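Accompanying notes for the structure given below.
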Amino acid sequence: MSWTADEMMTVAAARALRGGTRCFVGIGLPSTAANLARRTHAPDLVLVYESGTIGAKPDRLPLSIGDGVLAETADAVVSVPEMFNYWLQPGRIDVGFLGAAQLDRFGNINTTVIGDDYADPRVRLPGAGGAPEIAASCREVIVVVRQSRRTFVDRVDFVTSVGHGSGPGDRARLGLRGGGPALVITDLGVLEPDPCDRELVLTHLHPGVSPEQAVAATGWPLRLAPTVSTTEAPRPAELAALRALTGSAEHEERT
Amino acid sequence: MSWTADEMMTVAAARALRGGTRCFVGIGLPSTAANLARRTHAPDLVLVYESGTIGAKPDRLPLSIGDGVLAETADAVVSVPEMFNYWLQPGRIDVGFLGAAQLDRFGNINTTVIGDDYADPRVRLPGAGGAPEIAASCREVIVVVRQSRRTFVDRVDFVTSVGHGSGPGDRARLGLRGGGPALVITDLGVLEPDPCDRELVLTHLHPGVSPEQAVAATGWPLRLAPTVSTTEAPRPAELAALRALTGSAEHEERT
Amino acid sequence: MIVTLAEAVAELVHDGDTVALEGFTHLIPVAAGHEIIRQGRRGLTLVRMTPDIVYDQLIGAGCARKLVFSWAGNPGVGSLHRFRDAVQHAWPGPLEIEEHSHAGMANRYVAGASGLPFAVLRGYTGTDLPRHTATIAPITCPFTGETLTAVPALNPDVGIVHAQRADRRGNVQFWGITGVHKEVVLASARSLVTVEEVVDELTPAPGAVVLPAWAVTRVAHVPGGSHPSYAMGFSERDNDYYQHWDTISRDRAAFGRWLEGLTS
Amino acid sequence: MIVTLAEAVAELVHDGDTVALEGFTHLIPVAAGHEIIRQGRRGLTLVRMTPDIVYDQLIGAGCARKLVFSWAGNPGVGSLHRFRDAVQHAWPGPLEIEEHSHAGMANRYVAGASGLPFAVLRGYTGTDLPRHTATIAPITCPFTGETLTAVPALNPDVGIVHAQRADRRGNVQFWGITGVHKEVVLASARSLVTVEEVVDELTPAPGAVVLPAWAVTRVAHVPGGSHPSYAMGFSERDNDYYQHWDTISRDRAAFGRWLEGLTS
């Protein structure tokens, strides 16, 4: 069964979620991965959406964070202030799933502006949303993002959400209580912060991806972990569940 | 139809409430008066209880501020933090109804301790409850309390809830946004703050009460308003509604 | 209390006002936004956590002077092209922005609804937002000495939301994802709620929030008034329209034709 | 997750703990308080907005070292005699008090549930409470310069409430007057919810609040566990018992007999 790089990325992200985990989910790839995990190995995964739905159990992929199916199937629906104040801020959520327009070597994230001048940006992006506080307060953060030199930059143009700041101890100094990015899952492989200096290093490559490809798609001199493992290819059951979720029977050949 | 001093006091308090008024109600005399007003001249009076019930329409007198009948008949039931933060604090409530164990000439209220030593009180009273913020935030406050030298004191032993402080301008200086006590309704008559110096002066006497009785029941040299009116005696319809509410057909002769 | 949408907007929304149309994906008062465009309001400070299609439209139509927000995008689709055009090219005019996070915006409404001048949260620390947004400040806990973040209250001149139902006296009821509905109505000096239906009496429903009539300024009966957003129990989100908007909004001329269709 | 009341109290409540039993008139966890007395806990800091009969009992039984509260009385009846005896005559031992207003206590729980060290409110100004309560402090708005009041978060070691229902996985549901139920459970390091019934599946109900099982430490099935308080839909408030308690509690000997009946 063949699969696309995006499917590999989504499957890898789903696998990173364990059963019982409380997961703060954004729409798009994170939501697909979290729902896939719930359909496969982690049926008791707790999906929390910033729209206020706690323990949503959608039978189809929600198309927005405020999809009616989330409210209808949730254990509880709370107001948005309550979601941020009572549930996210005190550290009740295990995993925050984030995307990024830019990501730097310490896992800091930009979703605000591209360009040096905030007042006159080259590209105006949507902005912060819930991300800064998700990045601050979840026990750990998983970033799901396609890897390219445009995205994986030496220094983000704007720090929307703090990863490991500029290195060890920075999160503690800032008073951020969550652990920050633990995994960055891309269409090429997986990056994890070095235990000592917190710089993201390549720890996994997806099947068929070379280290050179990953290095070439990274805007800083990407370090490889002492052992770089190969991700297990998507299993047929995983692919079937994913495609049932996304409703796409068609799929591209992986190039 | 004869009536008791307490009945006169309750009827006078009920009459002070106009239709459409949002009224923050404590249990006991204030609740009886507010419910009486709703049954007689002010059917659209909005009863708000600190237990979180907004627009309660009880068909019998609730016996506690958390009586089930309040929740069952309310337009909305909110949490206690929401009640204080979203509804009381911003000044959405027109009238706050308070009782008092001690009350001084400026309408400051004590419900905390009797005696000079807080740490070793002569009598330990229940304490503040919602009163300090009701007194601070409602557009105006009505105090309903039996008049005696023990209660109407020159200086309260403990300021639990601020009335007019120590005189004109004090509320503004303290940043209190509500108007403070506008009426003190007792079993003898009605006191109102002097428009200039904010000291409570006698403006009404209930039928059959002499000015001397009121002065004798007051622990400071009670001033009389230029015109002291006589309260209209309870009408038969008011008494009937009150007695139906309190379920007491028996009533004492007024002495 | 219950008036037409046109009457409500004419009465409540004035040039130069600070106006918040809220609804977190659900119950967005889109029809009210269109009426503001139709009535030609100018110089508005628009406030909204998630400016999406209706704010793209208001901005493109030239109603806004300033935007206060935390996430401006077309959810599930991509960018807001009118918003980007305003920020990047000042078209149809310059747009001042005041940018926050969701947690910050939600707490600003909470402070506004609570009659407090500010709210406290754990937020923004280490990000670049405080360097560009004046309404973010550190605050010290008087008991522990810890530094946290303060944001000022939002108290719009007008708060507008859509809801499922009102009764004839103007009591309002909504359920499903309730977002910051209650907060924006209570924080605003004046408020308008557009509703799917007006009933004789509200019946209790699971998860339903009720706002008493005396906490709302005006109610307007506007069935379908949240389209392309939705009203749980009444309509489904029109996901195709969100896609469709991407095509219309990419191009100033196409947007112009859309605007002409709305206002003519 | 679902254990007996005796097991829950043995596991969760330790000598010297700060324990909050909440329930605003409604859903007061009286049976849990009695179990704390039976198990002979000592040195507790008891927290409760409205200490009433069950706190009078805990204080009279000698479980408490300190009381944090805002209104201590027998609602609709009068005084709490065991509380007064402790404060006025240090019987059965001295009782330290930390006294607040309702608004302050409610906000302290909100801060605790929110993971913040303090809360801000318009409160206490001009009263004598700040002269006697150390946990009240002024705080200045960084935007307007206005002075408001700060109170520190409450984060009890154990929070205990009564509720109508739980499902077998431990998800908890309650409705009617919900008071500070959610806040005290979320603010506490450990929590216990006693429930009227355990069902296979929770069904939505108007006004119902649901706490997911993972936000609660233990659930115990204790039908009638809020008597003489009540559980809407299950029982009525026993107003006679509140009157009756006045007689029992006035007298140390009568109270002693009541206590012996409870613990033997």
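In the text below, chain A, chain B and the rest are named by the order of the sequence lines, each starting its count at 1. Remember, predicted model here, so these are calculated numbers, not experimental data.
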>> I'd like to know if the side chain of D:Ser229 reaches the main chain of D:Leu27, judged simply by a donor and an acceptor atom lying under 3.5 Å from each other, with no hydrogens or angles considered.
In response: yes
> In residues 55-68 of chain D, which residues are in contact with chain B at a heavy-atom separation under 4.5 Å?
Replying inline: none
>> Heavy-atom pairs under 4.5 Å with chain D: which of B:Arg171, B:Gln89, B:Met83 has the most?
In response: B:Gln89
>> Looking only at heavy atoms and a cut-off of under 4.5 Å, which of B:Ser161, B:Ser64, B:Pro121 has the most pairs with chain D?
In response: B:Ser64
> What's the spacing between D:Asn74 CG and D:Ser79 OG if we round to 0.5 Å?
Replying inline: 8.5 Å
>> I'd like to know if the side chain of B:Thr160 and the backbone of B:Thr111 have a donor-acceptor N/O pair within less than 3.5 Å.
In response: yes
> By a 4.5 Å heavy-atom criterion (distance strictly below it), what part of B:Ser79 contacts chain D: side chain, backbone, both, or neither?
Replying inline: both
> Can you check whether B:Val145's main-chain N or O pairs, donor with acceptor, with B:Thr186's side chain at less than 3.5 Å?
Replying inline: no
>> At a heavy-atom distance under 4.5 Å, which candidate from D:Met49, D:His26, D:Arg84 has the highest pair count against chain B?
In response: D:Arg84
>> With a 3.5 Å distance limit and no angle check, can you tell me whether D:His227 reaches the backbone of D:Val30 through a side-chain donor-acceptor pair?
In response: no
>> Using a 3.5 Å distance criterion without hydrogens, assess whether the side chain of B:Thr151 forms a donor-acceptor pair with backbone atoms of B:Gln147.
In response: no
>> Donor-acceptor check, side chain of D:Thr149 to backbone of D:Gly123, threshold 3.5 angstrom: yes or no?
In response: yes
> Think D:Arg82 forms a cation-pi with D:Phe255, using NZ or CZ under 6.0 Å from the six-ring centre and within 45 degrees of its axis?
Replying inline: yes
> Who among D:Leu80, D:Val87, D:Thr147 has the most heavy-atom pairs with chain B under 4.5 Å?
Replying inline: D:Val87
>> Quick check on the structure: residues of residues 179-188 of chain D within a heavy-atom distance below 4.5 Å of chain B, by number.
In response: D:Gly179, D:Val180, D:Glu183
> Ignoring hydrogens and geometry, is there a side-chain-to-backbone donor-acceptor pair from D:Gln164 to D:Val172 under 3.5 Å?
Replying inline: no
>> Can you tell me which portion of B:Glu82 sits under 4.5 Å from chain D's heavy atoms? Options are side chain, backbone, both or neither.
In response: neither
> Which members of residues 236-247 of chain D, sorted by number, sit under 4.5 angstrom from chain B on a heavy-atom basis?
Replying inline: D:Arg237, D:Asn239
> Hey, are the side chains of B:Ile109 and B:Gln102 touching, using non-hydrogen atoms and a 4.5 Å cut-off?
Replying inline: no
>> Sort by residue number and list every residue of residues 97-115 of chain D having at least one heavy atom under 4.5 Å from chain B.
In response: D:Ile97, D:Glu99, D:His100, D:Ser101, D:His102, D:Ala103, D:Ala106, D:Asn107, D:Val110
> Is there a donor-acceptor pair under 3.5 Å between the side chain of B:Asn110 and the backbone N or O of B:Val113?
Replying inline: yes
> So, does D:Thr178 use its side chain to make a donor-acceptor pair with the main chain of D:Trp175 at under 3.5 Å?
Replying inline: no
> Taking every heavy-atom pair that is under 4.5 Å apart, which of B:Ala71, B:Gly66, B:Gly129, B:Ala136 has the most such pairs with chain D?
Replying inline: B:Gly129
> Of all of B:Asp170, B:Asn108, B:Leu70, B:Val162, which one pairs up most often with chain D through heavy atoms under 4.5 Å apart?
Replying inline: B:Val162
> What do the steps show when you test B:Arg122 against B:Asp116 for salt bridge (charged side-chain N to carboxylate O under 4.0 Å, His left out), and what is the final call?
Replying inline: CA-CA 8 Å; B:Arg122 206 157 77 242; B:Asp116 288 337; over 6 Å; no
> Just wondering, are more than 12 heavy atoms of other shown residues or ligands nearer than 6.0 Å to CZ in B:Arg150?
Replying inline: no
>> Taking side chain as everything from C-beta outward and backbone as N, CA, C, O, which of these in B:Arg177 sits under 4.5 Å from a heavy atom of chain D? Side chain, backbone, both or neither.
In response: side chain
> So, D:Glu146 and D:Arg122, do they make that salt bridge, N to O below 4.0 Å?
Replying inline: yes
> So which of B:Leu176, B:Val123, B:Leu125 has the biggest tally of heavy-atom pairs under 4.5 Å with chain D?
Replying inline: B:Val123
> Just by distance, do the side chain of B:Glu199 and the backbone of B:Gly167 share a donor-acceptor pair under 3.5 Å?
Replying inline: no
>> Could you check whether atom CZ of D:Arg252 has more than 12 heavy atoms from other residues, nucleotides or ligands sitting under 6.0 Å from it?
In response: yes
> With a 3.5 Å cut-off and no angle check, do the side chains of D:Thr50 and D:Arg48 form a donor-acceptor pair?
Replying inline: yes
> B:Ile134, B:Ile65, B:Thr53: which one forms the most heavy-atom pairs within less than 4.5 Å of chain D?
Replying inline: B:Ile65
> How about D:Phe69 and D:Phe83: are their ring centroids closer than 6.0 Å?
Replying inline: yes
>> Walk me through whether B:Arg22 and B:Asp94 qualify under salt bridge (charged side-chain N to carboxylate O under 4.0 Å, His left out).
In response: CA-CA 5 Å; B:Arg22 285 94 76 161; B:Asp94 300 308; 3.7 Å; yes
